[in-house]
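This report refers to the structure that appears directly beneath it.
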2 protein chains.
Amino acid sequence: MAELDKFDYRLLELLQDNSRLTGTELAEKVGLSSAACLRRVQRLRETGVIERDVAVVSPKVFGKRMTVIVLLTMERDRPDRYMLMREAFAKMPEVQQCHHVTGAHDFVLRVQVGDMEEYSAFVDRVFHEPYIKRYESLAVLGSLK
Amino acid sequence: MAELDKFDYRLLELLQDNSRLTGTELAEKVGLSSAACLRRVQRLRETGVIERDVAVVSPKVFGKRMTVIVLLTMERDRPDRYMLMREAFAKMPEVQQCHHVTGAHDFVLRVQVGDMEEYSAFVDRVFHEPYIKRYESLAVLGSLK
DNA sequence: AAATTCGTGCGAGATTTTCGCAAAAATTCT
DNA sequence: AGAATTTTTGCGAAAATCTCGCACGAATTT
């Protein structure tokens, strides 16, 4: 993909926040014609700059009202476990996100569950493994974005 | 909002994966008419079941190749700052996510930047405030989902 | 069993997107 | 610099998509 100019960046910024903006709405915000905006957006999609468009569904609807951030520390002598861990996490529906990080911890997970009981069961099932040294659970009170 | 039936769940499932499906496409996948599907989706949006629609932009192409998880701890005597913080974070394009959490830390941020230099500038600009007690930066090596 | 409510499919009208085209703007070449 | 080429623009028509009123059928209430 060729270089992106300021118009493309502005469009991405807008669509990242609300992908349902219409050509006319984009036009008045970026200062191009409706057609030009839509053509650019089309191109951004085709070239993979915009990977996909998704609807954000309220977690409440699915009865998943509780979010927990987990900081995971593994035993230092088990680096081989990292890949396996990632694959395992990928399959768990409770795990919304999983980042492998540097520093004092090894993984940061975002876990979505219905309630404390469900979270407790999740912890028992997943974190009580010999190669997991410790984990820290941060319950989410509120979120942005 | 009244109860959701199996059609609604199916629609949510589909739109969660691809929010650009047209009425006709939805129709053939769920077994209702195009109009019925669109009416339902409209309702799901109005009632907040679908909170928003967003474009997923490839971080690489966007030139934001570096992700950092930040654990933020505030001074205990400044709880009034929480709301202001959240609002401030909401406006920063680098901040992709912001969770207000319980426990040893107060906020967990996901920050997206181009490189270390940009991150450093971000830290200087945002975290060197008197009401911020400490912050811990975890560079992301890889992510899932 | 009638009345009410609710959601459906159909189809017209409105909105939005796509696309061809000529002109303007930017880029490359001589 | 100025000509040639490429890219992108705005316009407008055509295509696609969405919205909405309407009459009908199913489920619920009275």
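We name chains A, B, ... by the order of the sequence lines, and we start the count at 1 in each one. Values reported hereafter were calculated over all heavy atoms of this structure, with side chains retained and with hydrogens, waters and symmetry mates removed.
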Taken to the nearest whole Å, CG/D53(A) to P/dT17(C) is 12 Å

From the list F107(A), F127(A), Y119(A), F122(A), ring-ring contact (aromatic ring centres under 6.0 Å, His included) with Y135(A) holds only for F127(A)

Taken to the nearest whole Å, CG/D5(A) to P/dA25(C) is 16 Å

Comparing nearest nucleotides in DNA chain D, the 5'-proximal residue of the pair L21(B), G31(A) is G31(A)

Which part of the nucleic acid, if any, lies within contact of A35(A), taking any heavy atom under 4.0 Å across all strands shown: a base, the sugar-phosphate backbone alone, or nothing? base

Taken to the nearest whole Å, CG/L32(A) to P/dT9(D) is 6 Å

When rounded to whole Å, the CD to C1' distance for the pair E46(B) and dC18(D) reads 13 Å

Does S33(A) place a side-chain N or O at less than 4.0 Å from the phosphate oxygens OP1/OP2 of dC11(D)?
-> no

- Message: Looking at R10(B) and D5(B), is any side-chain nitrogen of the basic one under 4.0 Å from a carboxylate oxygen of the acidic one?
- Response: no

Looking at every strand, decide which applies to R40(B) at a 4.0 Å heavy-atom threshold: base, sugar-phosphate, or nothing.
sugar-phosphate

**OP:** Just do the side chain to side chain contact (heavy atoms under 4.5 Å, CB included) check on R110(A) and V108(B) with the steps written out, would you?
**Re:** CA-CA 11 Å; R110(A) 195 177 77 184; V108(B) 176; over 6 Å; no

Is a donor-acceptor pair below 3.5 Å formed from side chain R43(B) to base dG7(C), judging by atom type as modelled?
-> no

**T73(A) versus H105(A), side-chain donor and acceptor atoms under 3.5 Å** = no

Taken to the nearest whole Å, CZ/F7(B) to C1'/dA26(D) is 13 Å

Taken to the nearest whole Å, CG/L26(B) to C1'/dA16(D) is 15 Å

When R39(A) and E25(A) are each assigned the nearest nucleotide of DNA chain C, the 5'-most assignment goes to E25(A)

When rounded to whole Å, the NZ to P distance for the pair K6(A) and dT9(D) reads 12 Å

Q. Under 4.5 Å between side-chain heavy atoms, hopping through other hydrophobics if needed: is there a path connecting V49(A) to V113(B)?
A. no

Side-chain atoms of Q42(B) come closest, of dC10(C), dT19(D), dT16(C), to dT19(D)

Here the distance between atom C1' of dT16(C) and atom CZ of R20(A), to the nearest Å, is 12 Å

